[in-house]
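Single-structure report; data block below.
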Amino acid sequence: MSEPKIIKTPLTDEMVEDLRIGDSVLINGVIFTGRDSAHKRLVDTLEKGEELPVDLKGQIIYYAGPAPAKPGKPIGSIGPTTSYRMDPYAPKLIANGLKGMIGKGNRNDDVVNAQQKHKAVYFGAIGGAAALMAKAVKTAKVVAYEDLGPEAIRRLEVENFPAVVVNDCHGGDLYKEGMKKYQK
Amino acid sequence: MREVDVNTVTEAVKKLCMDANYFLDDDVIKRLEECQKQEESPTGKEVLGKILENAKIAKEDKAPACQDTGFAVFFVELGQDVHFTGGDFVEAVNEGVRQGYEEGYLRKSIVGDPIERKNTGDNTPCVIHTDIVPGDKVKITVAPKGGGSENMSEVKMMAPAAGVDGVREFVIDRVKRSGANPCPPVIVGVGIGGTFEKCAEIAKRSLLRPVGSKHPNSFYANLEEELLEKINNLGIGPQGFGGRCTALAVHIEVYPCHIASFPVAVNMQCHVARHKEVTL
């Protein structure tokens, strides 16, 4: 694995352009969790022309629903969930300023095209390495949709959160390239 | 007749749910270590290293290895000479799940009505597969099942003419189409034969076997080995980032079937291959 690139949120177009598939990154700063139900609500809000409960401009959404925090810990285990379920909603959020997504698994063409058009990046985190990733989370606070429980939107402050660039804004796809390289 | 108080069942289930989510079995760890040594992709090697580190942290901190602490699926072997007292057996198991998931800080991932999708708040109800067996003991196995890998599973009612080639094609295609979604390296559980539901059940049951254990019939043992090699030649690799280790094992279970039928099921299991058992 290449020496990891250290990145700090919020992301700019230039920062996104600098990221290429296969790059290992350590994310620092604020990221937001959001998965199935939260995405539906965010997009419903945009379609009604109303303001989002969190400003997503330049931000990263982590597709994750954590385990409950034990006393004294900011958060419970927190690994990525499968991303394709957010595909119907992601392009709209990207068009509204979202710069990054963290999850696992393939995205559809609409998401990949929106990423290229609006300069956004898709990172893969290690599915199932949730206790390890919880160590990178320093603070966590529910900022919207508390009624959704594990699916509520949380604002996380992270330090050196490990991920790999899967789809960059140049049309690269690590899943395709990686498989090509190692298939027999 | 032996009497078993259902409160004993609740206590046992509560502990099983927590232990299964915190402590990965040695067979899984050992196989991950082997794969890490053999992995050709540097990224893949690094990923496997992090997965092993994660298992260590989970064990030390008593934290769930994966935040998706799953649907609580139980396999029960119930001795026919057991008489439960003090309440309802199924409710006792659900109560154990309720307590285990709450007290163990495990995520509650079950929605009540599948269309309405409101979280039940306590990870119940569970799923229980019960077999009545001779004797006066109760063996309870829990296998918490995450959604990511379960969603990549499939049952196919093939024509008998499809034969073993049909099985090969279906299993490999299923893994290929799944890509990174089920959190590779995976264990591929394959059920061949039975009815529509039996086939899925034996595929799931195969995941309880120690990782990499062979089917007792040499034909199926060879097929397991052949499929594992072909799957690992797909190049998907750990987390789909490219590499050699896409699957830790292929486990096949078979059951007789109808003259007209040839059901085949693939139940995908992520690398957090959790199961714990107790005999009461």
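Convention: sequence-line order gives letters A, B, ...; per-chain numbering from 1.
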- prompt: Should we count CD of E225(B) as having more than 12 external heavy atoms under 6.0 Å?
  reply: no
query: Most heavy-atom pairs under 4.5 angstrom with chain B, which of A125(A), G79(A), G103(A), G105(A)?
result: G79(A)
- request: Quick one: closest heavy-atom pair of K70(A) and D61(B), and the distance?
  value: NZ-O, 3.2 Å
- prompt: Of all of P80(A), A130(A), A67(A), which one pairs up most often with chain B through heavy atoms under 4.5 Å apart?
  reply: A130(A)
task: State, yes or no, whether a side-chain contact exists between Y182(A) and N233(B) at a heavy-atom distance under 4.5 Å.
output: no
- prompt: Of the listed residues (A134(A), S83(A), P66(A)), which shares the most heavy-atom pairs with chain B below a 4.5 Å separation?
  reply: P66(A)
field: Interchain contact, K176(B) with chain A, by part (heavy-atom threshold 4.5 Å)
entry: side chain
message: Quick check: do I126(A) and K50(B) have side-chain heavy atoms less than 4.5 Å from each other?
response: yes
message: Taking atom NZ as the centre, does K138(A) end up with more than 12 heavy-atom neighbours from other residues, nucleotides or ligands that are less than 6.0 angstrom away?
response: yes
field: Residue E150(B) excluded, over 12 heavy atoms near CD under 6.0 Å
entry: yes
query: Sub-3.5 Å donor-acceptor pair from the side chain of K184(A) to the main-chain atoms of N232(B), do we have one?
result: no
field: For chain B, the option from G124(A), G149(A), G76(A), G65(A) that forms the most heavy-atom pairs under 4.5 Å
entry: G65(A)
- request: Kindly indicate whether the side chain of Y84(A), heavy atoms from C-beta on, has any atom under 4.5 Å from the side chain of N151(B).
  value: yes
- request: Against chain B, label K180(A) side chain, backbone, both or neither, depending on which of its atoms sit under 4.5 Å from a heavy atom there.
  value: neither
- prompt: For L106(B), is it the side chain, the backbone, both, or neither that has a heavy atom closer than 4.5 Å to a heavy atom of chain A?
  reply: backbone
- line: Looking only at G243(B), C270(B), S178(B), A63(B), the option with the highest number of non-hydrogen pairs under 4.5 Å against chain A is G243(B)
query: Is K118(B) salt-bridged to D147(A), going by a charged N under 4.0 Å from an acidic O?
result: no
- prompt: If you look at every heavy atom in L234(B) and Q183(A), which pair is closest and at what distance?
  reply: O-CB, 3.1 Å
field: Row check, F241(B) ring normal vs K176(A) NZ/CZ: under 6.0 Å, within 45°
entry: no
- prompt: Within a radius of less than 6.0 Å around CD of E146(A), do more than 12 heavy atoms belonging to other residues, nucleotides or ligands occur?
  reply: no
- request: Please check if the side chain of N54(B) supplies one atom and the backbone of G128(A) the other of a donor-acceptor pair under 3.5 Å.
  value: yes
- prompt: Checking heavy atoms, do the side chain of K56(B), its backbone, both or neither come under 4.5 Å from chain A?
  reply: neither
message: For chain B, which candidate among G178(A), P162(A), S37(A), G127(A) shows the most heavy-atom pairs at distances under 4.5 Å?
response: G127(A)
Under 3.5 Å donor-acceptor, Q67(B) side chain and A64(A) backbone: no
- line: Between the CE atom in M133(A) and the CD1 atom in I57(B), the distance rounded to the nearest 0.5 Å is 10.0 Å
- request: Sort S41(B) into side chain, backbone, both or neither according to what part of it lies under 4.5 angstrom from a heavy atom of chain A.
  value: both
field: Residues, nucleotides or ligands: over 12 heavy atoms within 6.0 Å of E17(A) CD
entry: yes
message: Are more than 12 heavy atoms, taken from residues, nucleotides or ligands other than E51(A), located less than 6.0 Å from that residue's CD atom?
response: no
- prompt: Are the side chains of Y105(B) and P71(A) in touch, meaning some heavy atoms are under 4.5 Å apart?
  reply: yes
pair K104(A)-C183(B): side-chain heavy atoms closer than 4.5 Å: yes
message: Is it the case that the side chain of S77(A) and the backbone of P64(B) share a donor-acceptor pair, with hydrogens and angles ignored and the cut-off at 3.5 Å?
response: yes
message: Using heavy-atom distances under 4.5 Å, tell me whether D68(B) contacts chain A through its side chain, its backbone, both, or neither.
response: neither
- prompt: Looking at K62(B), R117(B), K108(B), which makes the most heavy-atom pairs under 4.5 Å with chain A?
  reply: K62(B)
Heavy-atom neighbours of E34(B) CD exceed 12 at 6.0 Å: yes
